[in-house]
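Down below is the structure, laid out as structure tokens.
Residue numbers begin at 1 in each chain, while the letters A, B, ... track the order of the sequences.
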Amino acid sequence: MLAILDYRAGNLTSVKRALDFLQIPCEITSDPEKLHQAEGIIFPGVGAAGSAMENLQKNNMDQVLKKLIQKDKPLLGICLGCQIILEYSPENNTQTLGIIPGQCARFNPDWTDAGGLPINIPHMGWNKVHLEKECLLFKDVDKDAEFYFVHSYYPVPEPEFVIGNTIYGQKFCSLHGREGLWAVQFHPEKSGRPGLKILQNFYNFCQEKNNA
Amino acid sequence: MLSKRVIPCLDVRNGKLTKGIKFKGNVDIGDPVETARIYYEQGADEIVFYDITASHEGRGIMLKVVEKVASQIFIPFSVGGGISSVDDMRAVLLAGAEKISVNSAAVKNPEIISEGADAFGSQCIVVGMDVLRVEKSKKIPSGYEIVIHGGRKPMGIDALWWAKEVERLGAGEICINSIDADGTKDGYELNLTRLIAENVRIPVIASGGAGNPQHMVDAVTKGRASAALIASIVHYGEYTIPEIKKYMHEQGVKVRMIW
């Protein structure tokens, strides 16, 4: 079973719908017991870093999450989840979870696209992820596949944690972490078949780890 | 670099497509959920539902359609038509839509844009505008006027001014529908599209007038749109979405080719 961490950060049902479609057992929960029992955790999130951290701290979820990571529980952070897993976000000047070293930055409106026009913020739409190193999440995913992004801030982890990059005006990190602890800036649940494949790969990893 | 988006638009009334869709092979489908699923599998980058139901019961039916779509297709989709309050927006977003689109309601009550953006984020709020070409005047300096009720009622509002205003109010995207071009199949209104795209910092979707894939290339190059809306050219089987995307790709437009 996968647990989708409920911390009142936006609509979590889109991730659940995608997992239901894939027939992956899952539950939206904030119950520490269930989180510990789950084979893996999905840590989604839309909205602002400040209110997300407040909600996490209010329910002691920040501590629960850190404990789960210490015990090597597989985790997939999505969008805001991919950002607040780092140490700091300039959005609402927020100290974030610090599970992976690094911080976030806001897109610079002076960056220009290939046509020389200034980029729009948020970065919204379909874009590619260029892998810097191999990643189990991308097993059997076409290298030209594109993913759906909606965000104004992006992660800047310590270089050793960068797994994949995306180009929007300039290169930014869109996939970071390490094996079993992944964070993606895009929305796999809204990225068609390649996105679903990533969710399936995550679940397969969790199952294998659990059975090992 | 972002891909240009190809977005089929489906008109729905009382939970059914208003016109039967004939894909190549002449299969007639009246079910919006099934049609959306086929377009999703064919590589649509996003789908727009325009609900023309007027009755209260009809709204409930549409929400059921939205829920079904959300459980079968895994790309963003938006719902427009009849949304006039933050509660209407919330219901549609909770049912699983990624975005909601407002048109006449925003002209009559511009605050709905900022209220929606505050409640759900700008990225959820698409403002649709129906635009008619008119003589340039003091009141309408761009020569493009906002109309509502399907083009029947001119509002005395300059389209360029309105586009900047909705951006200021927090719209995340603008969909420009040219009443002059709509239904002509002669191509999008490129001057209008470009004028607005160059004067706002949010994505612009071109709508109205698509007759062939070259028109879509023009919309995203000469018109500087981020996306092109299509309806009849795919609904009646003249072109398929893969054919359109392949053509755009061959013309050097960056489009999503793996789905």
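For A/Ile167, the parts lying under 4.5 angstrom from a heavy atom of chain B are both the backbone and the side chain. With a 4.5 angstrom heavy-atom cutoff, A/Ile119 touches chain B only via backbone atoms. Residue contact with chain B, scored on non-hydrogen atoms closer than 4.5 Å, involves the side chain of A/Asp142 exclusively. Contacts of B/Lys254 with chain A are made by side-chain atoms alone, with heavy-atom separations under 4.5 Å and no backbone atom involved. If you measure heavy-atom distances from B/Glu173 to chain A, the contacts under 4.5 Å come from the side chain alone. Interface residue A/Pro118: backbone and side-chain heavy atoms are both found under 4.5 Å from chain B. For a residue to count as touching a neighbouring chain, one of its non-hydrogen atoms must lie under 4.5 Å from one of that chain's; by this rule B/Arg201 touches chain A with backbone and side chain alike. For a residue to count as touching a neighbouring chain, one of its non-hydrogen atoms must lie under 4.5 Å from one of that chain's; by this rule B/Ile202 touches chain A with the backbone only.
For the pair A/His151 and B/Gln123, the minimum side-chain heavy-atom distance is 4.5 Å or more. Between A/Phe149 and B/Leu2 there is no side-chain heavy-atom pair separated by less than 4.5 Å. Counting heavy atoms from C-beta on, the side chains of A/Glu146 and B/Asp45 never come closer than 4.5 Å. Here the side chains of B/Glu98 and A/His187 are not in contact, with every heavy-atom distance at 4.5 Å or above. Residues A/Trp126 and B/Pro76 form a side-chain contact, since some pair of their non-hydrogen atoms from C-beta on lies under 4.5 Å apart.
Among A/Leu117, A/Asp20, A/Asp113, the residue with the largest count of heavy-atom pairs under 4.5 Å with chain B is A/Leu117. When the candidates A/Pro109, A/Pro122, A/Ser152 are compared by the number of heavy-atom contacts under 4.5 Å with chain B, A/Pro109 comes out ahead.
By the neighbour-count criterion of 12 heavy atoms within 6.0 Å, atom NZ of A/Lys133 is densely surrounded, having more than that number from other residues, nucleotides or ligands. Shown here is B/Glu250, whose CD atom has more than 12 heavy atoms of other residues, nucleotides or ligands within 6.0 Å. Residue B/Lys68 places its NZ atom among 12 or fewer non-hydrogen atoms of other residues, nucleotides or ligands, all under 6.0 Å distant.
Annotation: the span from A/Arg193 atom CZ to B/Ile258 atom CD1 amounts to 11.5 Å, rounded to 0.5 Å. Distance check, rounded to the nearest 0.5 Å: CZ of B/Phe74 to CG of A/Leu199 gives 9.5 Å. To the nearest 0.5 angstrom, A/Arg17 atom CZ is 7.0 Å from B/Glu67 atom CD.
Under the 3.5 Å distance criterion, the side-chain polar atoms of B/Arg256 are left unmatched by any main-chain donor or acceptor of A/Asn127.
Scanning all heavy atoms of the two residues, the minimum distance from A/Met124 to B/Pro203 falls at CE-CG, 3.9 Å.
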